[in-house]
Amino acid sequence: MRLAILGPNGAGKSTLLKTVVGLLPAETGRIEWGQHVEVGYYDQEQSDLDDTKSVIDQVWDERLDLDETSIRKALAQFLFRGEDVVKPVSGLSGGERSRLNLCRLMLRQANVLVMDEPTNHLDIPSKEALEQALTDYSGTLLFVSHDRYFIDAIATHIAVLKPDGLVKYLGNYTDYREKVAENERIASIEQSVQNAKEHTRHPVTVDATTSQSTRRRIRSSDVRKLQDEIEKWERTTAELEARLTAIGMEQSEAAAKQDIDRIRALEEEREHVEQACHQALEKWEQASLQLEMLQSESD
């Protein structure tokens, strides 16, 4: 199973992962792992690299049972090839540090991986390398991400973190969105039927009926407003993701021409667009959560 955890910013997704792996104490209840479970944790803060080592030594010192060929093969899977493997860790960019940590994690042979925003700082080739590594991974994966393409490629289950717990869905991000849209459609139909029944039972307008009718109109107005907001953020996200794809192609062209200035400019733009995309997804998730809560109140 590969479970993606979604939820608005501040919902506690990273806190949940840290609690699951034992870095934070559980406020209530307890967490029990099964026998023979080996957990690997990826922290987006990347705080445990040794800046005094080279890339290959950072990995090899943790897996002394492997030979140099095996270490280089593992590093190559995460795009460290040739002279890249002898780079000092202190000189790595944010994306390179992320790739190095991901390589270390995959070599630990854990049968459960817990990952917090693993695609942060990664360019498109690096994301594709990670997707391939995780697709080949046979263990259980629990992760938080705002990258819907990554979630679509990796997740087999979705869990949405809400104030009252987790709501689980079968499938990837696209399946989840389709299910949410279907639930919205059904709730809208049920509300229309309920409104029709109320009108039939109470054809005469009195103060109480007027009050109930007003509440229904307010609720319907709120639903339409949230639906419009959800559609807006979906369009915004699609546009930003299309730009990220274009940037990836432009980066490849710039790399082929060894245009360093262009590469740097594209990397800076990619970071801004990714941040905007994350924010748009958070807005979409918040609006979707509010809509679900509003519809549940009207049931």
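Positions are given from 1, in the same order as the sequence printed here.
Listed for the Asn111 side chain is a donor-acceptor partner under 3.5 Å among the backbone atoms of His36. For the pair Arg2 (side chain) and Thr140 (backbone), a donor-acceptor distance under 3.5 Å is absent. Looking at Glu96, its side chain does come within 3.5 Å of a backbone N or O of Ser93 through a donor-acceptor pair. In this structure, Arg63 contributes its side chain and Ile71 its backbone to no donor-acceptor pair below 3.5 Å. The main-chain N or O of Ala76 is found under 3.5 Å from a side-chain atom of Arg81 such that the two form a donor-acceptor pair. The closest donor-acceptor contact from the side chain of Tyr41 to the backbone of Leu17 lies at 3.5 Å or more, if one exists at all. Lys283 places no side-chain N or O within 3.5 Å of a backbone atom of Trp233 that could act as its donor or acceptor partner.
One distance of note links CD1 of Ile154 with CG of Asn172; it measures 10.5 Å at 0.5 Å rounding. For the atom pair Ser70 OG and Trp60 CH2, the distance stands at 9.5 Å (nearest 0.5 Å). One distance of note links CG of Leu92 with OG of Ser90; it measures 7.5 Å at 0.5 Å rounding. Expressed to the nearest 0.5 Å, how far CG of Leu166 lies from CD1 of Ile5 amounts to 6.0 Å.
Judged by a 6.0 Å distance limit and a 45° cone about the ring axis, Arg99 is positioned over the six-membered ring of Phe80.
Electrostatic pairing of Arg104 and Asp48 counts as a salt bridge here, judged by a charged N lying under 4.0 Å from a carboxylate O.
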Review point. Could you walk me through whether Arg264 and Asp259 pass the salt bridge (Lys or Arg N to Asp or Glu O under 4.0 Å) check?
Key: CA-CA 9 Å; Arg264 288 174 178 169; Asp259 187 343; over 6 Å; no
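Looking at every heavy atom in both residues, Gln58 comes nearest to Asp50 through OE1-N, 2.8 Å. In this structure, Lys127 and Asp147 approach most closely via the heavy-atom pair NZ-OD2, 3.1 Å.
For Arg108, the CZ atom sits in a packed shell: over 12 heavy atoms of surrounding residues, nucleotides or ligands are nearer than 6.0 Å. Counting heavy-atom neighbours within 6.0 Å of Lys162 NZ, excluding the residue itself, gives a total above 12.
The aromatic rings of Tyr173 and Trp284 sit tilted, their planes meeting at an angle between 30° and 60°.
A search for ring pair (Phe, Tyr, Trp, His ring centres under 6.0 Å) contacts involving His157 returns nothing, not counting sequence neighbours.
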